[in-house]
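These notes concern the structure reproduced below.
Protein chains get the first letters and strands the later ones, always in sequence-line order, with residue 1 at the start of each.
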Amino acid sequence: MSKDFKRYLITAALPYANGPKHIGHLAGAYIPSDVYVRYLRSLDKDVVFVCGSDEHGTAIPNQALKENTTSQAIIDKYDAQIRDCFKKLGMSFDIYHRTSEQIHHETSQEIFLNLYNKGLLTEEVSEQYFDDKANVFLADRYIVGTCPKCANPNAYGDQCERCGSTLSPRELINPRSTLTGNSPVLKETKHWYLPLQNYEGWLSDWILKSHKDDWKVNVYGQCKSWIDAGLQPRAMTRDLDWGIKVPLPNAEGKVLYVWFDAPIGYISATRALFKEMAEGKQKFSTPQREFKNITAADWKPYWQDKETKLIHFVGKDNIVFHCIIFPIILHAAGDYILPDNVPANEFMNLEGDKMSTSRGWSIEMHEYLEDFPGKPDVLRYALLTNLPETKDSEFTWRDFQSKNNNELVAIFGNFMNRALVLTQKYFENKVPNRGILHQVDNDLVNQLGETQAFLGMALDGYRFREATAHMMQIARLGNKYLAETEPWKLAKTDMERVGTILNLSLQIIARLSVIVEPFLPFTAQKLRKQINIDSLSWSSADSVNLLRPNHLLSEPSLLFEKIEDDVINAQIKKLTDSKKEMELANQPVIPAKAEISFDDFSKMDIRVGTILSAERVEKSKKLLKLNVDTGIDHRTVMSGIAEHFSPEQIIGKQVSILINLAPRKIMGVESQGMILMAEDKDGTLRLLQPNEIVSAGSTVS
RNA sequence: GGCGCGGUAGCUCAGGUGGUUAGAGCGUUGGAUUCAUAACCCAAAGGUCGGGGGUUCAACUCCCCCCCGCGCUACCA
């Protein structure tokens with residue numbers, strides 16, 4: 001166990017407001033952080049939980065270009081969407097802020113100037129590609145060209161995806177901008193760099209020595225890999241018209257690097273929280289506990305007092321920024337504490353493939369909330385039981401269904417329902433008296449306490465999956481207890497004993513209402529309503545005296561409902577459909593060919609013909625041998641369509657055929673013409689037909 | 001290419017510093033039961049721990065090689 005801290009500051013990675021966020025993001029950072037924070041609050045700890053939208057960087061204006069709108073409109077749209085989803089999923093931030101806010105610009109500029117004034121930043125002029133037409137410098141990702149190594153014409157400025165080699169934009173042959181298609185030009189530009197290498201020794205001591213044992217292996221390994229490779233100066237500014245202005249003279253058109261300002265967003269959010277509380281406003285803040293006598297300066301201890309435990313919850317793609325770059329910035333700025341831990345998760349895959357919004361292979365938060373209204377806890381549970389804590393994990397809809405039906409409904413909901421229905425039946429919905437405890441009762445009490453203790457230890461160690469299993473174990477103990485004591489049988493002979501059993505069972509429900517709260521907050525609320533109690537602290541829950549005899553309960557109602565096969569099948573279909581749709585949308589439109597004259601066009605003799613026969617060609621996957629009635633003659637045409645059409649499918653169909661194409665031998669057979677096809681973006685072929693039957697030999701022009 | 005993290009029962013995952021019959025949940029099969037959303041409870045079957053070498057009295061656990069997946073490679077947020 002770690003030492004006892006005076007206060008806690010928990011951050012969840014700032015979601016980038018360039019699009020919707022999916023359940024992989026939830027599994028990576030948000031659900032674990034929320035569980036942890038709710039647990040700390042339940043322990044009555046002094047905790048602050050911050051998050052907010054990350055609204056700068058080149059991808060925002062690019063997304064605006066794509067959606068044909070402004071950068072401001074993009075961040076307003078996605079900030080609102082993400083904010084709304086987080087609220088509906090029960091994310092209990094004390095503040096969900098925005099990096100576009102004034103206070104954040106000020107905070108970021110202060111820290112930049114702090115480093116600048118101490119002489120910790122170096123200036124460097126370099127040549128970079130510039131797009132004249134879009135009037136912007138191009139990040140490597142936005143330059144494509146021919147790979148110098150494998151001649152792939154679509155290599156990126158940083159890497160060729162065909163041969164895998166690492167490139168720099170200057171190496172590309174015939175570079176062009178992905179924004180406009182223009183050839184970019186080299187242009188000199190000045191930037192401010194943070195010489196990360198100067199902090200190697202310090203960083204090495206801090207991470208490799210001090211945190212060898214308490215950081216997760218994946219996080220530690222990643223950091224070690226970076227440090228061992230040697231750190232390089234990193235530019236902290238960019239040429240962009242969207243972001244936080246570099247607060248220096250002669251820095252027109254320069255903004256802070258988004259990864260410089262984004263983590264500082266945690267600090268700004270904390271400042272904004274205390275400022276709003278001091279002023280009695282609640283624009284972005286939603287304080288989740290009582291803060292007393294607050295002044296605007298009270299944010300400081302959370303970032304500057306060594307008695308504060310700072311934890312960053314992030315996905316593995318963020319490790320380097322939260323473990324290396326941001327800590328160096330904080331260290332260089334001075335006066336700031338460093339994260340005590342960065343329990344980064346790996347990635348969650350979906351139905352056998354990695355999640356990707358742009359490829360359409362994902363479950364977006366807002367879509368889930370629309371499709372499964374009133375079930376945020378089911379998603380929380382399904383994700384919690386399968387968090388990618390030590391390696392990439394896998395989400396499947398079948399698994400989701402099974403977690404809901406076999407665990408939440410069958411074990412958890414069922415236990416509560418059994419206990420409440422029995423109480424209603426035998427004791428008019430009032431908590432019965434408890435008599436003398438038997439061995440089985442004492443065993444139960446011991447196991448409950450033990451399980452709760454294990455659960456707490458798992459949470460202390462950021463082992464959320466294990467903790468969730470312990471939570472469910474408590475409901476299991478309840479079911480087992482009922483099965484062993486069989487109160488429905490005793491009801492005929494020994495009502496006093498039945499009272500004792502149900503009293504204990506109801507105490508388990510009361511305990512669950514506390515234990516479950518970090519994991520399934522909406523369910524915890526329902527539980528409290530069922531048994532008519534207010535929320536209790538974690539430590540007080542370790543008791544079997546939470547409900548007094550004669551305490552009146554509410555009418556039993558179901559906590560969870562089954563999810564049927566057709567609902568799951570519909571989701572799976574939706575997933576494959578959206579993937580297909582995105583594949584089509586993502587295919588680039590083939591550029592127009594060079595202009596031709598009318599003469600060039602009129603040279604082609606295109607007719608409507610009818611396919612008389614079709615047969616597969618031996619040893620060929622693609623070819624069909626067709627016999628076509630062109631109105632003039634019957635001729636043989638070899639057509640590469642066998643992967644798209646079976647012979648039976650096309651016999652008798654009218655098609656467009658180019659009849660004056662020079663004959664050519666294909667697989668030993670002379671082909672006398674070409675069947676015209678429309679090729680869809682995904683490569684599927686369709687016949688080009690007149691919209692009504694016409695006579696064979698009709699001309700096309 | 002280099003580096004990092006993984007490859008354990010049908011499925012999803014656990015397995016500090018090597019040591020008796022390799023674990024959990026789900027699924028499957030059998031039993032018991034009827035208070036409960038045909039749910040619960042009990043039990044069983046299921047793995048030569050990616051492949052191949054090596055160290056050791058002993059390796060899923062340490063070392064080497066190979067194969068596969070994922071990530072990072074620093075102007076990709």
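The closest side-chain heavy-atom distance from L196(A) to I325(A) is below 4.5 Å. Residues L444(A) and I508(A) meet the side-chain proximity criterion, which asks for heavy atoms closer than 4.5 Å.
Contacts with RNA chain B (heavy atom under 4.0 Å) in residues 235-244 of chain A: R238(A), listed by number.
Ion pairing of D443(A) with K480(A) is absent here, as no side-chain N (NZ or NE/NH1/NH2) approaches a carboxylate O to less than 4.0 Å. Comment: E346(A) engages K316(A) in a salt bridge, judged by a side-chain N to carboxylate O separation of less than 4.0 angstrom. Under the 4.0 Å criterion applied to side-chain N and carboxylate O atoms, R359(A) and D353(A) are assigned as salt-bridge partners.
As rounded to the nearest Å, A24(B) and A39(B) have P atoms that lie 23 Å from one another. Taking atom C1' on both U37(B) and A45(B), the two are 29 Å apart, rounded to the nearest angstrom. Between the P atoms of U17(B) and G27(B), the separation comes to 33 Å (whole Å). Nucleotides U21(B) and A59(B) place their P atoms 12 Å apart, quoted to the nearest Å. Taking atom C1' on both nucleotides, U12(B) is separated from G19(B) by 30 Å, rounded to a whole Å. Rounded to whole Å, the P atom of C60(B) lies 10 Å from the corresponding atom of A22(B). For U8(B) and G50(B), the P atoms lie 6 Å apart once the distance is rounded to whole Å. The gap from the P atom of U55(B) to that of C63(B) amounts to 15 Å, rounded to the nearest Å.
Nucleic acid contact for I324(A): none, since no nucleic acid atom lies under 4.0 Å from a heavy atom of the residue. Y193(A) comes within 4.0 angstrom of a base, heavy atoms only.
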Margin query: I'd like to know whether F372(A) forms a ring pair (Phe, Tyr, Trp, His ring centres under 6.0 Å) with W397(A), so could you lay out the CA-CA distance, the side-chain angles of the two residues, the decisive distance to 0.1 Å, and finally the verdict.
Written below: CA-CA 13 Å; F372(A) 294 91; W397(A) 278 111; 5.6 Å; yes
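Counting to the nearest Å, the C1' atom of C5(B) and the NZ atom of K216(A) are 11 Å from each other. To the nearest angstrom, C1' of G69(B) lies 12 Å from CD of E346(A). Nucleotide U73(B) holds its C1' atom 15 Å from the CD1 atom of I227(A), rounded to whole Å. Separating the CE atom of M472(A) from the P atom of G25(B) is a distance of 13 Å, rounded to the nearest angstrom. C41(B) atom P lies 14 Å from atom CG of L444(A), rounded to whole Å. Between N62(A) atom CG and C75(B) atom C1' the separation is 13 Å, expressed in whole Å. If you take CG of D54(A) and C1' of C76(B), they are 13 Å apart, rounded to a whole angstrom. Separating the CG atom of L231(A) from the P atom of C72(B) is a distance of 18 Å, rounded to the nearest angstrom.
In this model, a donor atom of one side chain and an acceptor atom of the other lie less than 3.5 Å apart for D79(A) and S53(A). Side-chain contact of H191(A) with T237(A): a donor-acceptor pair under 3.5 Å is present, judged by distance alone. Side-chain atoms of K526(A) and S557(A) include no donor-acceptor pair closer than 3.5 Å. Counting only N and O atoms by type, the side chains of E55(A) and S100(A) include a donor and acceptor under 3.5 Å apart.
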Could you run down the sub-3.5 Å N/O contacts of the protein with nucleotides 59-66 of chain B?
none

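Heavy atoms only, all atoms of each residue included: L502(A) and A419(A) are closest at CD2-O, 4.2 Å. A491(A) and V498(A) get closest at one heavy-atom pair: N-CG2, 3.5 Å. Smallest separation of non-hydrogen atoms from A235(A) and Y257(A): O-CD2, 3.5 Å. Counting all heavy atoms, side chain and backbone alike, D377(A) lies closest to F522(A) at OD2-N, 3.1 Å.
The aromatic rings of H56(A) and H104(A) lie parallel to each other, with less than 30° between the two planes, well short of the 60° mark.
Nucleotides of RNA chain B nearest to Y220(A) and S402(A) differ in position, and the one nearer the 5' end is that of Y220(A). RNA chain B is contacted by both D317(A) and L477(A); L477(A) maps to the nucleotide lying nearer its 5′ end (nearest heavy atom per residue).
When the ring pair (Phe, Tyr, Trp, His ring centres under 6.0 Å) test is applied to F415(A), no partner is found at least two apart in sequence or on another chain.
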Next item on the list: Return one dot-bracket line describing RNA chain B 5' to 3' (Watson-Crick or G-U wobble pairs, both distances under 3.5 Å; ( ) same strand, [ ] crossing, | another strand, . none).
Entry: (((((((..((((.....[...)))).((((.........)))).....(((((..]....))))))))))))....
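G46(B) has its base syn relative to the sugar, with a glycosidic angle deviating from 0 by at most 90°.
Between H312(A) and the options F321(A), Y266(A), W215(A), a ring-ring contact (aromatic ring centres under 6.0 Å, His included) holds for only Y266(A).
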Margin query: One character per nucleotide, please: for nucleotides 29-40 of chain B, 5' to 3', B when the base has a protein heavy atom closer than 4.0 Å, S when only the sugar-phosphate does, - otherwise.
Written below: -----SBBB-SS
Notebook entry, point to check: When you check every protein heavy atom under 4.0 Å of nucleotides 6-18 of chain B, what one-letter string (B, S, -) results, 5' to 3'?
Noted result: SSB---SSS----
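The side chain of K354(A) contributes no N or O atom lying less than 4.0 Å from OP1 or OP2 of G69(B).
Atoms NZ and OH, on K216(A) and Y462(A) in that order, are 10.5 Å from each other to the nearest 0.5 Å.
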